[in-house]
Amino acid sequence: MEVRPITFEVIKRQPGSLARAGVIHTPHGDIETPAFVAVGTRGTVKSLKPEDLERHVGLQLIISNTYHLFLQPGHEVVQAAGGIHRFANWRFPTMTDSGGFQVFSLGAAFGKGVTKFAKGDVEVQSSYQGLNVYSQALASEHGKLCIVDEDGVTFTSHIDGSMHRFTAERSIEIQHAIGADIIVAFDECTSPTADYAYQREAMERTHRWAKRSILAHKQNYDAQRRQGLYGVVQGGRYPDLRTESARTLAAMDFDGFGIGGSFSKADLGAALQVVNENLPEDKPRHLLGIGEPEDISEGVRLGCDTFDCVAPTRLARTGTIYVQTNDGPKKISLKGERYKYDLSPLDETQVCEISKTTTKAYLSHLFRSHEMLAAHLASIHNLHFIVSYTKRLRESILSRDSQ
RNA sequence: UCCCCUGUAGCUCAGCGGUAGAGCAGCUCGCUGUUAACGAGUUGGCCGUAGGUUCGAAUCCUACCGGGGGAG
């Protein structure tokens with residue numbers, strides 16, 4: 001009998017919605033879902049020690065990046081250390097993103113202020129040609145080279161400008177060396193402004209890469225025993241493409257699925273609905289790079305199990321914290337003058353001792369004086385906030401009377 | 001007592017004949033698979049004071065006041 005490193009158990013479904021509570025079993029422990037995943041791109045959740053994540057945040061899963069660890073310090077170093085768990089001294093489950101997102105964030109989107117989310121009405125560029133055409137102008141425009149072709153991606157390092165190439169096989173090979181419990185198939189993330197034709201082209205290419213990622217994974221028997229592989233659903237903002245992508249990937253032998261690509265705030269829900277209706281119920285679904293509390297709430301309702309997002313830690317480092325109000329979660333910028341004398345705790349409704357014992361005035365002072373402790377305390381607070389927010393969504397599913 | 005240097009935005013300074021700029025601070029806003037302890041925008045000044053030269057002075061001249069240094 002085949003033993004899979006990653007298995008998923010649905011504990012309870014919420015009637016009338018796609019929401020479910022479950023458990024992902026991994027070689028490094030269980031993940032109770034829905035769960036928020038901390039982002040540790042370079043083998044560190046910025047400003048936090050492993051101990052902080054365990055003791056204050058209650059973290060269950062952390063995601064690192066293949067592209068970043070490949071460039072620095074090099075996946076061979078991580079491998080020599082015995083894998084990411086030993087290298088970073090993380091005892092909990094981990095996953096690595098494939099590096100496919102960098103095709104987008106350092107390529108098409110670089111320096112253009114384009115993010116995963118389109119602002120307001122999306123203006124589709126019918127002239128959008130994607131990145132599959134070699135263009136010197138494109139390279140100089142970005143100051144970086146990032147070219148997608150059928151076989152893979154050629155790009156220059158954002159650190160030293162050196163040239164590299166990723167293919168599906170290469171990404172999987174590097175992720176094997178890094179050794180996270182969950183690894184992700186190499187994919188291409190498109191811009192929200194890309195037109196239908198390009199979205200389809202990129203999606204179909206991602207499907208072909210998905211197939212190759214599975215093959216590459218199966219060829220490493222040792223890794224296959226220890227690491228599970230997720231495929232990534234694409235299709236941009238088009239429901240028919242999303243449906244097609246979900247069905248295509250569902251037919252492949254993945255241990256779980258990532259839902260990637262670009263959205264506009266308005267059609268995130270519609271996309272998740274059709275995707276999760278078409279993904280198998282007995283596999284975990286990870287919503288890549290999202291989100292804010294309201295996005296997670298919607299994602300859970302529509303059947304997503306895990307979420308990663310840089311928002312809690314990035315906001316924390318730049319002076320913004322989440323607080324619970326009667327109207328739900330809210331963000332406040334502590335750098336403002338109005339918190340100078342505010343001696344109330346960051347958020348007394350939280351279980352986290354940092355949140356309860358640190359005052360807004362003190363943290364505001366730390367931010368204004370550029371003390372590094374500011375980033376540390378705020379990161380603990382925000383991560384704890386979003387982790388426990390997601391945990392409460394889980395408890396809410398479990399406590400519903402039904403079935 | 002004399003000589004030299006210096007006084008421009010809250011701070012540190014640039015501008016040295018055509019009616020003021022920068023960095024930092026301040027304030028506001030933004031961050032959604034991290035090129036991010038970041039980025040964007042923005043409020044502040046009768047240029048020490050009083051005269052003079054000039055079509056025009058923060059810029060040149062004189063005096064005074066404040067600060068720094070040197071000589072005695």
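Quick note on labels: first sequence line is chain A, next is B, and so on, each numbered from 1. The model shown is predicted, which means the values in this text are computed figures rather than measured ones.
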Sequence neighbours left out, what passes side chain to side chain contact (heavy atoms under 4.5 Å, CB included) with [X]? Give chain and number order.
{"X": "A:Glu277", "value": "A:Leu18, A:Gln273"}
{"X": "A:Thr318", "value": "none"}
{"X": "A:Ser344", "value": "A:Asp342, A:Lys360"}
{"X": "A:Ala19", "value": "A:Gln14, A:Ser17, A:Val300, A:Ile397"}

What is the separation between atom [atom1] on [X] and atom [atom2] on [N], rounded to the nearest whole Å?
{"X": "A:Met95", "N": "B:G33", "atom1": "CE", "atom2": "P", "value": "13 Å"}
{"X": "A:Asp97", "N": "B:U32", "atom1": "CG", "atom2": "C1'", "value": "14 Å"}
{"X": "A:Trp209", "N": "B:G33", "atom1": "CH2", "atom2": "P", "value": "19 Å"}
{"X": "A:Gln102", "N": "B:U32", "atom1": "CD", "atom2": "P", "value": "14 Å"}
{"X": "A:Glu298", "N": "B:U32", "atom1": "CD", "atom2": "P", "value": "18 Å"}
{"X": "A:Leu287", "N": "B:U32", "atom1": "CG", "atom2": "C1'", "value": "10 Å"}

Task: Base orientation of B:G44, syn vs anti, 90° cut from 0 - done: syn
Residues within [range] bordering RNA chain B, heavy-atom distance below 4.0 Å:
{"range": "residues 372-389 of chain A", "answer": "none"}
{"range": "residues 307-320 of chain A", "answer": "A:Asp308, A:Cys309, A:Val310, A:Thr313, A:Arg314, A:Leu315, A:Arg317, A:Thr318, A:Thr320"}
{"range": "residues 38-53 of chain A", "answer": "A:Val39, A:Thr41, A:Arg42, A:Lys46"}

- [ ] Classify the side chain of A:Asn65 versus the base of B:G33 as yes if they form a donor-acceptor pair under 3.5 Å and no if they do not.
- [x]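 By the distance-only test, no, there is no pair.
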- [ ] Classify the side chain of A:Glu188 and the base of B:G33 as holding, or not holding, a donor-acceptor pair under 3.5 Å.
- [x] no
Between [X] and [Y], is any side-chain donor less than 3.5 angstrom from a side-chain acceptor?
{"X": "A:Tyr67", "Y": "A:Gln72", "result": "no"}
{"X": "A:Asp347", "Y": "A:Thr349", "result": "yes"}
{"X": "A:Asp267", "Y": "A:Ser264", "result": "yes"}
{"X": "A:Asp240", "Y": "A:Tyr196", "result": "yes"}

Every protein N/O lying under 3.5 Å from an N/O of nucleotides 25-29 of chain B:
| unit_1 | atom_1 | unit_2 | atom_2 | d |
| --- | --- | --- | --- | --- |
| B:A25 | OP1 | A:His370 | NE2 | 3.1 |
| B:C27 | OP1 | A:Glu337 | OE1 | 3.4 |
| B:C27 | OP1 | A:Arg368 | NH2 | 2.9 |
| B:U28 | OP1 | A:Arg338 | NH1 | 3.2 |

Open item on the list: Distance check, C1' atoms only: B:C4 and B:A9, in whole angstrom units.
Closed with: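 Taking atom C1' in both B:C4 and B:A9, they lie 29 Å apart.
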Open item on the list: If I pick the C1' atom on B:U54 and the same atom on B:G17, what distance separates them, to the nearest angstrom?
Closed with: 9 Å
Can you list everything that forms a salt bridge (Lys or Arg N to Asp or Glu O under 4.0 Å) with [X]? Sequence neighbours excluded, please.
{"X": "A:Arg317", "value": "none"}
{"X": "A:Asp222", "value": "A:Arg225, A:Arg226"}
{"X": "A:Arg392", "value": "none"}

Task: Result of checking A:Arg208, A:Arg205, A:Arg212 against A:Asp151 for salt bridge (Lys or Arg N to Asp or Glu O under 4.0 Å) - done: A:Arg212
Task: Runs of at least three Watson-Crick or G-U pairs with RNA chain B, cut-off 3.5 Å - done: B:1-7 with B:65-71, B:10-13 with B:21-24, B:26-30 with B:38-42, B:48-52 with B:60-64
TODO: For residues A:His68 and A:His158, establish whether the separation of their ring centroids is below 6.0 Å.
DONE: yes
- [ ] Answer yes or no: is there an ion pair linking A:Asp255 with A:Lys283, defined by an N-O contact shorter than 4.0 Å?
- [x]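 Here A:Asp255 does not pair with A:Lys283 in a salt bridge, since their nearest N and O are not under 4.0 Å apart.
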